[in-house]
Protein chains: 2
Amino acid sequence: MITENENKKSSVCNCLNMRRASQAITEIYDHYLVPSQISISQFSILKHIHAMEPVSVSALAAEIRLDRTTLVRNLKPLEHLDLIHDIAQPGTRNRQLCLTIKGKEKMEQAHVYWNQAQAQIEAQLGQEDSQILQDLLLKIEVMVP
Amino acid sequence: MITENENKKSSVCNCLNMRRASQAITEIYDHYLVPSQISISQFSILKHIHAMEPVSVSALAAEIRLDRTTLVRNLKPLEHLDLIHDIAQPGTRNRQLCLTIKGKEKMEQAHVYWNQAQAQIEAQLGQEDSQILQDLLLKIEVMVP
DNA sequence: TTATTTTTAGTGTATATACACGTTTATTAT
DNA sequence: ATAATAAACGTGTATATACACTAAAAATAA
C-alpha cells in the first residue's frame with residue numbers, strides 16, 4: 001500500500017526543499033509542545049531570555065539571530081501571557097527583559113515536551129545523520145553575513 | 001582575523017538550526033532575485049502555476065504543499081502586480097489561475113537569477129554534500145503526514 | 001427532483017517576518 | 001557645555017503563515 005508520504009519528492013530548488021523541511025520540523029516540535037500552550041518559537045525566546053536575563057531587545061535579537069523589529073512583535077504575546085516582564089526603569093534606553101515566575105515554570109514544563117521532539121527527530125534520523133545534518137545546516141547559515 | 005560568521009554556532013535545537021538555515025538560504029535566493037523584483041516564494045508560485053495552468057487554488061496549494069488559505073493571501077500581491085489572472089467564469093467553483101504575459105516574462109527573467117543562487121549554493125556545498133542535504137531534508141519532510 | 005454531502009474558496013483573527021522611518025537616550029567629539 | 005554621533009526602541013506597512021469559521025458551488029444520495 002502506498003502512503004501519502006512516499007509520494008513526496010524533492011523539488012529541484014534547494015531553497016524550497018529547505019523551507020519545506022523547516023516547516024515540517026517546526027510542525028513536529030509544535031505538535032509536541034501543544035500541551036504547554038506555547039510554540040517552539042516562543043519556547044526558544046523564553047530559553048534565550050532565561051540564559052541572558054536581564055537582557056535588552058537588541059542583545060536578545062542578536063543572540064537568537066532574529067530581526068530586532070520581529071522580536072519586538074514576538075515579545076508582545078509573551079508579555080500578554082505574563083511570561084516575561086521588563087524590569088528597566090522608565091526613561092532608560094535598554095529594556096531589561098526577564099522571565100516571570102510563570103514564565104520560568106512554563107519554560108520548564110515545555111522543556112520536557114521539547115526533549116521528546118528532539119529525541120524523535122534524532123531517533124528517526126539516527127545519530128550519524130543527525131550530526132551530518134547539523135553540520136550542513138551550519139554550513140549554509142554561515143554563507144550569509 | 002576573525003569574521004562574524006566564524007562565531008556562529010549550532011544550537012542544541014534541531015528545529016532552531018533548521019529554521020536558521022531556512023532563513024539564510026531564503027535570504028540568499030531573495031538576494032539574487034532582487035533585480036527581478038519578486039521573492040523566491042513568489043517565484044516558486046509562478047513556476048508552479050506555469051506548470052499546472054489553468055489551476056485551482058486547492059490543487060496549487062496541494063502541489064506546493066502550502067496551506068490553502070496562506071496561498072489565497074500570497075496570490076493577492078501577484079494579482080495586483082498583474083502577473084497572474086483567473087480565467088474562470090464568475091459563479092463557478094474552481095478558480096483557473098494562469099500566468100499573464102507579464103507573469104511569464106517575469107518568471108523567465110527571475111529564472112536566470114534563481115539559477116545563479118542555485119549554482120552558488122551547490123558550489124559552496126559541493127556536489128556530494130548537496131545530494132546528502134537534499135536526501136536528509138526529504139527524510140525530515142516525510143516525517144510529517 | 002430534492003436533500004445531503006463534499007469540494008472549493010474566502011475572511012477573521014493571530015502570530016511571524018523584516019524594511020523604512022522616526023524618536024528617545026546615551027556616548028563621543030568639539 | 002554643547003553639538004554631533006551612535007545605540008536602542010517602537011511603529012507603519014507589507015508579505016508569510018495557518019486555524020476556525022462561513023459561504024457557495026458541485027456531486028451524490030434519497
Side-chain angles (χ1 to χ4, degrees), chain A residues 15-16 18-31 33-34 37-46 54-81 83-84 86 88-97 144, chain B residues 15-16 18-31 33-34 37-46 54-81 83-84 86 88-97 144:
Chain A
C15 186
L16 187 54
M18 181 69 81
R19 288 161 62 91
R20 283 174 174 168
S22 173
Q23 287 186 340
I25 202 169
T26 298
E27 210 172 303
I28 291 169
Y29 278 74
D30 277 339
H31 176 259
L33 282 169
V34 162
Q37 295 175 299
I38 59 172
S39 66
I40 179 63
S41 163
Q42 294 178 320
F43 174 69
S44 176
I45 293 174
L46 293 185
V55 64
S56 69
V57 175
S58 295
L60 187 58
E63 183 66 26
I64 304 182
R65 264 169 272 169
L66 194 59
D67 185 89
R68 185 185 52 76
T69 68
T70 298
L71 183 56
V72 168
R73 259 71 177 227
N74 292 0
L75 291 175
K76 285 192 199 298
L78 297 176
E79 287 168 330
H80 291 151
L81 290 169
L83 299 177
I84 62 175
D86 177 12
Q89 298 300 317
T92 55
R93 191 170 61 178
N94 288 303
R95 287 178 72 178
Q96 296 188 271
L97 302 168
V144 169
Chain B
C15 185
L16 186 54
M18 181 70 80
R19 289 161 64 90
R20 283 174 175 169
S22 173
Q23 287 187 341
I25 203 169
T26 299
E27 209 172 304
I28 291 169
Y29 278 75
D30 277 340
H31 177 257
L33 282 168
V34 163
Q37 294 175 297
I38 59 172
S39 65
I40 180 64
S41 162
Q42 294 177 320
F43 174 69
S44 176
I45 293 174
L46 293 185
V55 64
S56 69
V57 176
S58 294
L60 187 57
E63 182 66 28
I64 304 183
R65 263 169 272 169
L66 195 59
D67 185 89
R68 186 186 51 77
T69 67
T70 297
L71 184 55
V72 168
R73 259 71 178 229
N74 293 359
L75 291 175
K76 287 193 198 296
L78 297 176
E79 287 167 330
H80 291 151
L81 290 169
L83 300 177
I84 63 175
D86 177 13
Q89 298 299 318
T92 55
R93 192 172 59 179
N94 287 306
R95 288 179 71 178
Q96 295 188 272
L97 301 168
V144 170

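In the text below, chain A, chain B and the rest are named by the order of the sequence lines, each starting its count at 1. Note that this is a predicted model, so its numbers are computed, not measured. Note that these values count all heavy atoms, side chains included, but never hydrogens, waters or copies made by symmetry.
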So what does A/Thr70 touch, heavy atoms closer than 4.0 Å: a base, only the sugar-phosphate, or nothing? base
Please tell me which of the listed nucleotides, [options], lies nearest to the side chain of [X]?
{"X": "A/Gln42", "options": "C/dA16, D/dA18, D/dT13", "result": "C/dA16"}
{"X": "B/Arg73", "options": "C/dT15, C/dT8, C/dG12", "result": "C/dG12"}
{"X": "B/Ser58", "options": "D/dC19, C/dA18, C/dT8", "result": "C/dT8"}
{"X": "A/Thr69", "options": "D/dT17, D/dT11, C/dT6", "result": "D/dT11"}
{"X": "B/Val72", "options": "D/dA16, C/dT15, C/dT11", "result": "C/dT11"}

Taking only side-chain N and O atoms of [X], does any of them lie within less than 4.0 angstrom of OP1 or OP2 on [N]?
{"X": "A/Ser39", "N": "C/dA16", "result": "yes"}
{"X": "A/Lys76", "N": "C/dT17", "result": "no"}
{"X": "A/Thr92", "N": "C/dT25", "result": "no"}
{"X": "A/Asn74", "N": "C/dT17", "result": "yes"}

Near A/Gln37 CD, under 6.0 Å, is it more than 12 heavy atoms from other residues, nucleotides or ligands?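 Not more than 12 within 6.0 Å, no.
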Answer whether the closest heavy-atom distance between the side chains of A/Leu78 and A/Asn74 falls below 4.5 Å. no
Determine whether A/Thr26 and B/Cys15 make a side-chain contact, defined as any pair of heavy atoms from C-beta on separated by less than 4.5 Å. yes
For [X] and [N], what is the distance between atoms [atom1] and [atom2] respectively, to the nearest whole Å?
{"X": "B/Arg93", "N": "D/dA23", "atom1": "CZ", "atom2": "P", "answer": "17 Å"}
{"X": "A/Tyr29", "N": "D/dT17", "atom1": "OH", "atom2": "P", "answer": "21 Å"}
{"X": "B/Leu81", "N": "D/dA14", "atom1": "CG", "atom2": "C1'", "answer": "12 Å"}
{"X": "A/Asp30", "N": "D/dT17", "atom1": "CG", "atom2": "C1'", "answer": "12 Å"}
{"X": "A/Glu79", "N": "D/dC9", "atom1": "CD", "atom2": "C1'", "answer": "12 Å"}
{"X": "A/Arg19", "N": "C/dA16", "atom1": "CZ", "atom2": "C1'", "answer": "12 Å"}
{"X": "A/Ile45", "N": "C/dA16", "atom1": "CD1", "atom2": "P", "answer": "7 Å"}
{"X": "B/Asn94", "N": "D/dA23", "atom1": "CG", "atom2": "P", "answer": "21 Å"}

Looking at B/Met18, is its backbone amide N or carbonyl O close enough to the side chain of B/Ser22 to form a donor-acceptor pair, meaning the two atoms are under 3.5 Å apart?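 No, B/Ser22 side chain to B/Met18 backbone: no donor-acceptor pair under 3.5 Å.
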Comparing A/Pro77 with B/Glu27, nearest DNA chain C nucleotide closer to 5' gives the residue A/Pro77
DNA chain D: 5'-proximal contact among B/Leu66 and A/Arg68 (nearest heavy atom):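 Result of the comparison: A/Arg68.
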Over all atoms of both residues, closest heavy-atom pair of A/Arg19 and B/Ser41: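 For A/Arg19 versus B/Ser41, the nearest heavy atoms are NH2-CB, 3.8 Å.
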